[in-house]
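Convention: sequence-line order gives letters A, B, ...; per-chain numbering from 1.
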Number of protein chains: 2
Amino acid sequence: MDVGTRLQTIRRLKGLSQRELAKRAGVTNSTISMIEKNSVSPSISSLKKVLAGIPMSLMEFFSMDMEQDRHAQVVYKAGELLDISTGSVSMKLIGKAHTGRAIAFLDETYPPGADTGEEMFVHDGEEAGVLIEGRLELTVGSQTYLLECGDSYYFDGSQPHRLRNPFDQPARLISATTPANF
Amino acid sequence: MDVGTRLQTIRRLKGLSQRELAKRAGVTNSTISMIEKNSVSPSISSLKKVLAGIPMSLMEFFSMDMEQDRHAQVVYKAGELLDISTGSVSMKLIGKAHTGRAIAFLDETYPPGADTGEEMFVHDGEEAGVLIEGRLELTVGSQTYLLECGDSYYFDGSQPHRLRNPFDQPARLISATTPANF
DNA sequence: TCCAAGCGTTGAAAATATTGCACACTCTGG
DNA sequence: CCAGAGTGTGCAATATTTTCAACGCTTGGA
């Protein structure tokens with residue numbers, strides 16, 4: 001996706017006209033028109049000015065450029081997942097049929113008091129997760145974090161890590177780890 | 001951190017001279033000099049050419065951490081995620097600081113009527129997800145599935161795919177894709 | 001020592017981006 | 001039906017960036 005089309009998409013998403021955005025950004029409407037039609041390649045400074053009127057940073061702007069990825073047995077019903085629970089922590093592996101898998105995608109439930117254990121996990125690859133219910137305590141290396149609903153994490157699997165639920169509400173976590181180590 | 005200084009830092013990190021980079025990029029050494037001294041604000045097209053000589057994408061360039069401790073960030077508060085939404089679909093990238101990431105881990109919200117688009121996505125790697133709220137319609141290849149709350153999916157990214165919310169309730173999806181292509 | 005090859009910088013010319021203004025078009029209200 | 005305010009586009013003038021061709025500097029080898 002080119003710069004012009006991307007700018008136009010974002011501008012329309014925000015419900016702004018070329019002139020309105022131009023006024024906010026402190027440039028002329030012609031500039032916006034030219035950029036959107038890709039008849040010029042704006043300078044960083046002017047693109048930055050334009051984006052300030054949205055407002056949006058250069059990083060955010062260029063981060064949108066990926067060809068978005070959405071998208072065997074493909075779909076699994078909630079009760080159909082492979083249970084790989086250890087101890088009191090319930091872990092459901094999404095996509096049980098995929099053996100040479102690239103991602104270990106888990107739906108984990110931590111009842112009050114649950115703990116992944118004293119010895120911390122170490123593995124290759126990277127790990128990400130988001131907490132969608134309750135609260136959890138995450139330890140990575142020597143740091144301990146409190147995760148609240150909606151919070152997420154991303155770290156290198158070579159760092160030892162551990163999850164614990166010292167609270168009195170169950171917690172639900174969606175996590176992805178790569179490469180799959182099952 | 002300004003564009004010029006950032007470019008210079010990256011160039012030196014790669015052990016390239018202005019002239020060497022200029023040659024690879026297909027611009028003149030003066031251009032590099034001017035940009036690095038911030039005596040001009042390069043056009044997107046020329047910055048893109050310059051970065052191609054490194055090689056590096058515009059997104060990577062602007063996403064580069066300036067604060068070292070960003071590398072160490074493990075936990076992200078809910079509002080702190082990088083928004084990479086396209087169209088009406090809200091997508092939050094978990095772990096914004098990780099550039100050479102192995103997983104694209106996203107928290108996505110599909111309002112009623114939202115759609116990833118007519119042309120279906122295709123990419124390398126694999127993709128997994130779990131629906132934690134609402135209902136969604138998933139199309140993979142020629143098959144269309146109805147996802148309900150708690151349902152999940154796992155498939156190869158080489159199959160064209162698309163997500164749609166034809167229902168009147170918003171849907172929230174947690175997804176992981178590998179390799180990360182942004 | 002001197003030369004050749006590398007480095008980054010700089011001024012004037014060429015190329016490109018931005019402005020200022022006008023145009024054609026689509027609405028909406030009178 | 002027209003007037004007025006909105007939209008995006010296009011063109012000549014202006015401002016900025018990029019190139020070309022130097023310059024002075026440092027380094028390493030003959």
Atom pair distance, as rounded to whole Å: [atom1] in [X] and [atom2] in [N]:
X     : N      : atom1 : atom2 : value
B:N38 : C:dT9  : CG    : C1'   : 15 Å
B:K49 : D:dT17 : NZ    : P     : 16 Å
A:Q8  : D:dT7  : CD    : C1'   : 12 Å
A:E20 : D:dG6  : CD    : P     : 10 Å
B:E36 : C:dC7  : CD    : P     : 13 Å
B:L47 : D:dT18 : CG    : P     : 9 Å
A:I32 : C:dA17 : CD1   : P     : 15 Å
B:N29 : D:dA22 : CG    : C1'   : 11 Å

With respect to the phosphate group of [N], does any side-chain polar atom (N or O) of [X] fall under 4.0 Å of OP1 or OP2?
X     : N      : answer
B:Q18 : C:dT9  : yes
A:R11 : D:dG8  : yes
B:K37 : C:dT10 : yes
A:T28 : C:dT19 : yes

- Item | Interatomic distance, A:I132 atom CD1 to A:I174 atom CD1 [nearest 0.5 angstrom] |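 It is 4.0 Å, given to the nearest 0.5 Å.
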
Short heteroatom pairs, N/O only, protein and nucleotides 12-15 of chain C, under 3.5 Å:
none

- Query: Who are the side-chain contact (heavy atoms from CB on, under 4.5 Å) partners of B:V40, not counting sequence neighbours?
  - Reply: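 Scan of B:V40 (side-chain contact (heavy atoms from CB on, under 4.5 Å), adjacent residues dropped) gives B:M34, B:I35.
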
- Query: With a 4.0 Å cut-off on heavy atoms, is A:S17 in touch with a base, just the backbone sugar-phosphate, or nothing at all?
  - Reply: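 Sugar-phosphate contact only.
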
- Message: Need one value for A:T31: base, sugar-phosphate or nothing, where a base atom within 4.0 Å counts as base even if backbone is also close, heavy atoms only.
- Response: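 Base, at least one base atom sits under 4.0 Å.
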
- Message: Regarding B:R11 and B:E20, does a basic nitrogen lie under 4.0 Å from an acidic carboxylate oxygen?
- Response: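 No, B:R11 and B:E20 are not salt-bridged.
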
- Apply the test side-chain hydrogen bond (donor to acceptor under 3.5 Å, both in side chains) to residues B:E108 and B:S175: give CA-CA distance (whole Å), side-chain angles for both, the deciding distance (0.1 Å), then the verdict. CA-CA 8 Å; B:E108 312 173 24; B:S175 83; 2.7 Å; yes

The side chain of [X] lies closest to which of these nucleotides: [options]?
X     : options               : value
B:S41 : D:dG8, D:dT17, C:dT10 : D:dT17
A:S43 : C:dT19, C:dT18, C:dG8 : C:dT18
B:R19 : D:dG8, D:dT18, C:dC7  : C:dC7
A:V27 : D:dT19, D:dG8, C:dT19 : C:dT19
A:P42 : D:dG10, C:dT18, D:dT9 : C:dT18

Test your reading of the model: is there a side-chain donor-acceptor pair from [X] to the backbone of [Y], 3.5 Å cut-off?
X      : Y      : answer
B:N165 : B:Y110 : yes
B:T9   : B:T5   : yes
B:N38  : B:G4   : yes
B:R135 : B:C149 : no

- Determine whether any donor atom in the side chain of B:S30 lies under 3.5 Å from an acceptor atom in the base of C:dT10, or the reverse, and answer yes or no.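 Check passes, donor-acceptor contact within cut-off.
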
- Task: Give me the bend of the helix from C:dT1-D:dA30 to C:dG30-D:dC1, using the axes of the five pairs at each end, rounded to 10°.
- Result: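 So the angle between the two local helix axes works out to 10°.
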
- Query: Closer to the 5' end of DNA chain C via nearest nucleotide, is it B:S45 or B:S33?
  - Reply: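 The answer here is B:S33.
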
- Are side-chain N/O atoms of B:T144 and B:E137 paired as donor and acceptor at under 3.5 Å?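 B:T144 vs B:E137: no donor-acceptor pair found between side chains.
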
- Query: Does the side chain of A:S43 come under 3.5 Å of the side chain of A:S46 through a donor N or O and an acceptor N or O?
  - Reply: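 Short answer, yes.
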
- Message: Using side chain to side chain contact (heavy atoms under 4.5 Å, CB included), reason through B:L131 and B:Y153 one step at a time and then give a plain yes or no.
- Response: CA-CA 9 Å; B:L131 191 63; B:Y153 62 85; over 6 Å; no

